[in-house]
Each structure stands twice: as structure tokens, then as C-alpha cells.
**Q** 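Okay, here's the structure, questions in a sec.
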Protein chains: 2
Amino acid sequence: MKLHASAPRRATITDVAREAGTGKTSISRYLNGELSVLSPELRERIEAAIVKLDYRPNQMARGLKRGRNRLVGMLIADLTNPYSVEVLQGVEAACHALGYMPLICHAANEIDMERRYLQLLTTYRVEGVIVNALGVKEELLQTFAQGGVPVVLVDRSVEGLVTDMVGLDNPGAVALATRHLVEQGFDDVLFIVQPFTRVSSRRVREAAFRDTIAALGARGSTVVLELGDAAPALAAIDAHLGAAQASAPAMAREESRTKRVALFAANGPVALRVALHLKERYGADWQQRVALMSIDDSEWAELAGMTTVRQPTYDIGRRAVQFLHERLEGARMPARECLLPGELVARASTRRDTYKGN
Amino acid sequence: MKLHASAPRRATITDVAREAGTGKTSISRYLNGELSVLSPELRERIEAAIVKLDYRPNQMARGLKRGRNRLVGMLIADLTNPYSVEVLQGVEAACHALGYMPLICHAANEIDMERRYLQLLTTYRVEGVIVNALGVKEELLQTFAQGGVPVVLVDRSVEGLVTDMVGLDNPGAVALATRHLVEQGFDDVLFIVQPFTRVSSRRVREAAFRDTIAALGARGSTVVLELGDAAPALAAIDAHLGAAQASAPAMAREESRTKRVALFAANGPVALRVALHLKERYGADWQQRVALMSIDDSEWAELAGMTTVRQPTYDIGRRAVQFLHERLEGARMPARECLLPGELVARASTRRDTYKGN
DNA sequence: TTGTAAGCGTTATCAG
DNA sequence: CTGATAACGCTTACAA
């Protein structure tokens, strides 16, 4: 009877070779699918040995020798944002389809974490990285690029770095949303966005908003909301809403909604913050009183009846991996940019026919 | 001028040794903090060489030699569930504090994925695994345990497997919630849960619900809701609600809420599904008409004014890593179980004073 | 068809 | 204090 050793070392290729009464090379060949060169008889012995020893090739050793470990880094700024999780799902699916193992790193909105993870990734010799940057300085990413490790950016670009990037077609999405609002009769739109100067996607959305508003000849302004300290922004919103209401001629109670003003949140987290505030201020039926639209189709959007622009998150993730894969396969081409279109999901909050009195 | 090689291989320890004009051993010593045995002079040369070559030790090679790579696997059943993301944050924080690198695997609710990832983890020779099992057969996990790789279960236990496990104190949480409902005047509670026979946490919650209801002498029943096909369950709920309403004596319109019946969702996803249905059926002010409570404090809970029991997710994650760490440090003790208490977050939906007419 | 031997980048052992 | 040298588990010429 064998005493249970405290750590019954996993079988190695050598063990298998011995068990099968052959050399390591043949085992290796078997593992790598070079079946044609193995006599059926040997093959069977190997098979048996592997099963018997429950052998699993050590990826680390493999990678060390081969020079590639099939690991790709996926750096995510904030998993708390459902957007990221959805992108991640696409990334995972694509990775598996192509035989990569995503090494998922979650910066949790901490810039140090981000740096630290990036270092770690190089330490593990990932073959490529997909980055949803928080605020990496270009140099950090540059390190990868210089080392010949392809980088694909998701959702945002990084100043001074030219690489493949995939994300939402922000101008298109914002235009889609804004046009919808105007068509529905809102001709004064408040665009609410987090501090945007340092984050490309926010910057682009804000600019697109102003452009679209101008093109449509509507009124519009931007409010900067910081999630950490939203009070000032919320006050500004209230003020705007209040002013609009005051200027509107008295109406029947049912029609008290400030009809011409709509709120447009630049992303899901902002939308939630604003919705919470509106609910607090206007009560449970806030949706009837103020129109809210948002980029990012949050899970609660349906519940709140909020109109949104849904991002093609899954595809974004898949596309990112595809770009990476192509580079890893040796593709030499200038940096590409893949901008996928958003989809308008119209709900009660902005639909003309939902509030009485037109 | 140096031509940019297509893949400027990363510097290895040998390169550094050459650059510093010394042997690999010294470099290794330097890397492992055995500074005391290095002459200040040599130390400086090494430092310089490392910086100059931007050297990063290869973790794979390290792991290969050392027999441990500081990798711990984290298998998550469903990242789409915010619960998982929160636990993950705790895990990450703790891992970094202890110098581990979490290898995050997302099964995306697919049982094959789960199996596949588990295999992969053993292939990468992770030192331990934290598992939020979807439905692993015990054998798979057994593989780890037998190989001397510690396993910590999160949120649910796996039949036939005895290991450390950490999660919510389900009986306590359910009792807390149920008692609250009864105290608020609801004496007929509908517990809504996904098919629970195969998932320990659901099973425990359901049992605890029945126990508590019995102990309190209230009425209560269980409805099984499948997220994939919720219609039957929702119909059952409607029926129950309808019956209660019919049996109640006619009241003023304002008091039409079926006062004595409350809905209790076993987790966040179920709560969302139910809320969506209620909204569809009762309109935007569904919260005024039917009481909904849930385990898991979803991000939209505040928005919907839904009472919840918040899970100590972050701590669950941290605790899991701690357990793992202790095992990795060689702790030999019987399997432990850490059940953390939930916290009641009372909101309008179940508060007596929020609906008119008491 | 099969096996031998030389590494991959580190660390550990053992002499200087 | 410092540095050869032999592994770690695997792949890959190169032989046989």
C-alpha cells in the first residue's frame, strides 16, 4: 500500500517515456499531433502511459523551449463596468477558438495596478496584449511594441502610440442618439460625460455631440460629471431642467415634463448616477418627467425604460483578438482602426407617444 | 545606427551577465534579493546592466526551475453576475498583497468551458485554485487535490469534495430577509429561485427559507424560475399575486397593493428578471404595488428602491485567497468553512411607511 | 519509424 | 564573495 505522498509530483514527459518504454521524443511527437510518424503499436503504448499517469504537458516548459506560450494579456480598466465584461466575453471566445489563453488583468481603476500588471505581463512573456487602457503612459505600451509584442487597443486610443485599435464608432453612435432625440421633439440636449480631456473615447463623443447638435441646429451643452463627486454636475443638471421648466408655459399636470430637454449620458455608469439622482429628485416616476438616453445598454435600461445605444461589445472583443492573431501570424501592415456601429434601442423614456399631451 | 530587428528578443539573464561582466549566478542572486552577499561594486554593475538592457526575468523559466510559479487559478462561473466581479476584486487585491498572480478563467456558464479551463489550469501548473463552480464533477477538482494543489470553493460546495470553502452565511441571510418581510407586515412570501437541486447555495437558501417561514408561522412557498425560460414561473407568480389581491377586501385605489404578499428573489439575476416582468405587468410604478426583495445588492437596486441583502463579496474573495495561501504555506488541517454574514439594505419596496394606508 | 543530445532561461549545488 | 555546472520539462535538429 502506497503512503499518500504529500505532493505526488505530476508526471513529466520523462516518466511517460519510461512507462511507455520509449524516448521522450516520441512522446513529444505524440503530443504535437505528429501521429503519422508513429507506429500504431508505439502510439498505443504512449496513449496508455499517458492515461495511466494522468500526464499533462507542462505549458511553461513548452513555452520556454518553443519561445511562445500562447498567452495573451488582456488588461481591463474596470470590470465593474458591464461594457468590459461583455468585451471580455468576446475576447475569451475568440481566444479559445484560436488556441490562446487570455491572461486577464483587472486594473480596478487604479493606475498603479495598471502599470504593475503591464510589467507582470511582460514578465510572463505574453505574446500579445489587448488593452483597455486606464491611462497608461505611452512608454509602457511602447515597451511591448518595441519588444515585438503586438498591442491592440480597445475603446480608447493612447496618445503617441500607433497600433491597431477597435471600438465603437463613437461619432456615428452619438449622431444616431442625438438625431433620435431631436426627431422625438427634444431640441435642447444636455450631454453628460466624465472628465474627458484625457480619455479619447469620451473626448470623441463629446466633440461628436457638439458637431451633431450644430448640424441639426438644436440646442445643446455639455456637463462634466465626476463619478467620485457628482454633486456639482447634478446641480447643474437640475438648474438646466428647472430653467427649462420655468420658461415653459404652464401646462396640465400630466404634461409637466420638460418636454424639450433631454439628458444624454455618455456611458452606462454616468447614466446610472444620473438616474439615481433623478429618482431621488422626481420620485419613482422620474422617467415620465425627464428624458434620459445613454450610450451603453445597461442591464437596468429596460427596467427604467431608458433609451440607449447598444455597443457591439462582443464583436469588439472578437475583433481585437483577430487583429492580435493576425499580427502574431506575422502580418506586417500599418496600424488599423476598426470602428463598429452602435445600435439604437428606443424605449419609453424618449418616445413621443409615451407621454400624454404629445 | 541599428536597424530595428523585427523582434528584438528580450534580454536574458545571460545577456545581463555578459553586460555586467560576471556570471549568471550573481545576477540570479541579485534578482532574489540576496544582496548581502554581493560586493557593492558588483551590485552596481548588475543594476546598470539590468537597466540598460531593460531586463525582466522570465517567470516561466523561473517557475520551471523553482517548481512554483506564483500562479493561482480563479475559475468563475459567470462574470456577468456582478457578484462574481466583486468577489474577483477581493481575490485580486489579496493575491497582489501576497505576490500571487491570479489566472482568471471565465466559464461563461458553459460546462465545457469549465472543464476545459480546469484542464488548462493544471497544464499551467497553477499552485492553487479558487473555484466558483458551475457544476464541476467532483473528479475534476479531485485531480487538483490529489496532485497536492489546494482548492478553495466559493459560494457553493461540490458534492463529494471536502475542501476549504467560503461564502455567504445563507441561512442567516435568508432568515434576516424573511424576518424583515414578516416584520414589515408581509405574511405571505414567495421565494423565487433558479433550479436549485444541483447548486448547493441555492439549495441551502431554499431550505432556509422554508425553515424560517415555518419558525415564524408565516405563509410561504417556493417558485422555481429558469432564466432561460421564465414564463411558467412568472405566470405562477402572477397567479399567486392575483389570488391574494382577489381575496383581499376591496380597498381604495391607492391601497391596491397586495399588502401581505412579498416576492423574495434568491439572487440578483432572478430579481432582475422578476422586476422586468413586474414592470411590464404593473407599469413603471410596480414598486408601489408589489414588494420585491432580493439577495445580492445589484447596482440598480437603489434605482428600483428594492430591499436587498448585500453579500460581503469583497471579503469572500479575500478570505478565499487567505485560505489558499495558508495551504500553500503548508498548513495541514481539516477543511474549513467560512460563512460571512449578509447585510440587510432596507429600501422603499418593503418599508411599511412607504405605501399609503399602512 | 525511433532515439540522442543540445538547448530554452532560471535557480541550486558546489567548489574556488 | 563569486562563478562554473547541472538540472527543471519540453522541443527539435540530427542521427540511426
Side-chain angles (χ1 to χ4, degrees), chain A residues 7-47 49-50 53-71 122-127 147-148, chain B residues 7-47 49-50 53-71 120 122-127 147:
Chain A
R9 225 186 74 274
R10 281 217 82 94
T12 77
I13 201 174
T14 314
D15 299 328
V16 179
R18 195 187 316 111
E19 173 75 27
T22 177
K24 312 195 291 181
T25 313
S26 295
I27 311 297
S28 177
R29 291 216 176 88
Y30 177 87
L31 293 176
N32 294 294
E34 303 173 36
L35 321 143
S36 48
V37 287
L38 294 176
S39 69
E41 190 252 335
L42 214 207
R43 185 144 97 206
E44 276 189 24
R45 265 159 47 217
I46 294 182
E47 225 141 39
I50 289 186
L53 300 179
D54 186 31
Y55 170 68
R56 305 287 165 76
N58 183 331
Q59 284 299 341
M60 302 302 184
R62 244 184 218 228
L64 187 55
K65 182 67 196 150
R66 283 216 189 129
R68 31 174 249 179
N69 49 200
R70 309 266 77 188
L71 246 29
T122 118
T123 252
Y124 278 102
R125 297 293 188 273
V126 294
E127 297 182 34
Chain B
R9 222 185 75 277
R10 279 217 81 94
T12 78
I13 202 175
T14 313
D15 300 327
V16 179
R18 194 187 316 109
E19 174 74 26
T22 178
K24 311 196 290 183
T25 313
S26 294
I27 312 297
S28 178
R29 291 212 177 92
Y30 177 88
L31 293 175
N32 293 293
E34 303 173 37
L35 322 144
S36 49
V37 289
L38 294 176
S39 69
E41 190 252 338
L42 214 205
R43 185 144 98 207
E44 276 188 22
R45 263 157 51 214
I46 295 182
E47 224 142 41
I50 289 186
L53 301 179
D54 186 31
Y55 169 67
R56 304 287 164 76
N58 183 331
Q59 284 299 341
M60 301 303 185
R62 256 182 203 225
L64 185 55
K65 182 65 199 161
R66 285 221 261 240
R68 31 173 249 180
N69 49 201
R70 309 266 76 188
L71 245 31
L120 221 51
T122 120
T123 253
Y124 277 102
R125 296 295 189 273
V126 293
E127 298 181 32

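Reminder, nothing fancy here: chain letters follow the sequence lines and each chain counts from 1. These numbers come from the heavy atoms of this one structure, side chains and all, not from hydrogens, waters or symmetry mates.
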**Q** Side-chain donor or acceptor of A:Lys65 under 3.5 Å from a matching atom on the base of D:dT12?
**A** no

**Q** Report the nucleotide, chosen from C:dT11, D:dC10, D:dT2, that has the shortest atom-to-atom distance to any side-chain atom of A:Tyr55.
**A**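 For the A:Tyr55 side chain, the nearest candidate turns out to be D:dC10.
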
**Q** Select base, sugar-phosphate, or nothing to describe what B:Tyr30 touches, counting heavy atoms under 4.0 Å on all strands.
**A**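 The residue B:Tyr30 makes no contact with any strand.
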
**Q** Which nucleotide, C:dT2, C:dT10, D:dC10, lies nearest any side-chain atom of A:Leu42?
**A**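 For A:Leu42, the side-chain atoms sit closest to C:dT2.
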
**Q** Nearest 0.5 Å please: distance from the CD1 atom of B:Ile27 over to the CD1 atom of B:Ile46.
**A** 4.0 Å

**Q** If we only count heavy atoms from C-beta on, is the B:Gln59 to A:Met60 side-chain gap below 4.5 Å?
**A** no

**Q** Using a heavy-atom cut-off of under 4.0 Å over every strand shown, decide if B:Arg56 touches base, sugar-phosphate, or nothing.
**A**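 The answer is sugar-phosphate, as B:Arg56 gets under 4.0 Å only of primed atoms, P, OP1 or OP2.
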
**Q** Compare side-chain N and O positions of A:Thr14 against OP1 and OP2 of D:dG9 and report whether any pair is under 4.0 Å apart.
**A**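 So the side-chain polar atoms of A:Thr14 never come under 4.0 Å of the phosphate oxygens OP1 or OP2 of D:dG9.
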
**Q** Quick one: label A:Ser28 by what it contacts on the DNA or RNA (base, sugar-phosphate, nothing), any heavy atom closer than 4.0 Å.
**A** base

**Q** Using the rule given for side chain to side chain contact (heavy atoms under 4.5 Å, CB included), can you reason through A:Arg62 versus A:Asn69, listing the C-alpha separation, both sets of side-chain angles and the distance that settles it, and then say yes or no?
**A** CA-CA 7 Å; A:Arg62 244 184 218 228; A:Asn69 49 200; over 6 Å; no

**Q** Let's see if you can work this out: which of D:dC10, D:dT5, D:dT2 has an atom nearest to the side-chain heavy atoms of B:Thr22?
**A** D:dT2

**Q** Rounded to 10°, tell me the angle between the two end axes of the helix from C:dT1-D:dA16 to C:dG16-D:dC1, each built from five pairs.
**A** 40°

**Q** Counting only side-chain heavy atoms from C-beta out, which of C:dT11, D:dA13, D:dT11 sits nearest to B:Lys24?
**A**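 The answer is C:dT11.
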
**Q** So, is A:Asn58 near the phosphate of D:dC8, with a side-chain N or O under 4.0 Å from OP1 or OP2?
**A**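 A:Asn58 to D:dC8 OP1/OP2: no side-chain N or O under 4.0 Å.
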
**Q** Between A:Asp15 and A:Arg10, is the salt bridge (Lys or Arg N to Asp or Glu O under 4.0 Å) condition met? List the steps.
**A** CA-CA 9 Å; A:Asp15 299 328; A:Arg10 281 217 82 94; over 6 Å; no

**Q** Under 4.0 Å, heavy atoms only, any strand: does B:Ile27 hit a base, just the sugar-phosphate, or nothing?
**A** nothing

**Q** Between B:Glu19 (side chain) and B:Leu53 (backbone), is there a donor-acceptor pair under 3.5 Å?
**A** no

**Q** Does a distance-only test, which skips hydrogens and angles, find a donor-acceptor pair under 3.5 Å between the side chain of A:Arg125 and the base of C:dG9?
**A** no

**Q** Any N or O donor-acceptor pair linking the side chain of A:Thr25 to the base of C:dT4 at under 3.5 Å?
**A**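 For A:Thr25, whose side chain was compared with the base of C:dT4, there is a donor-acceptor pair (under 3.5 Å).
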
**Q** Given salt bridge (Lys or Arg N to Asp or Glu O under 4.0 Å), test A:Arg43 with A:Glu47 step by step and report yes or no.
**A** CA-CA 6 Å; A:Arg43 185 144 97 206; A:Glu47 225 141 39; 5.4 Å; no

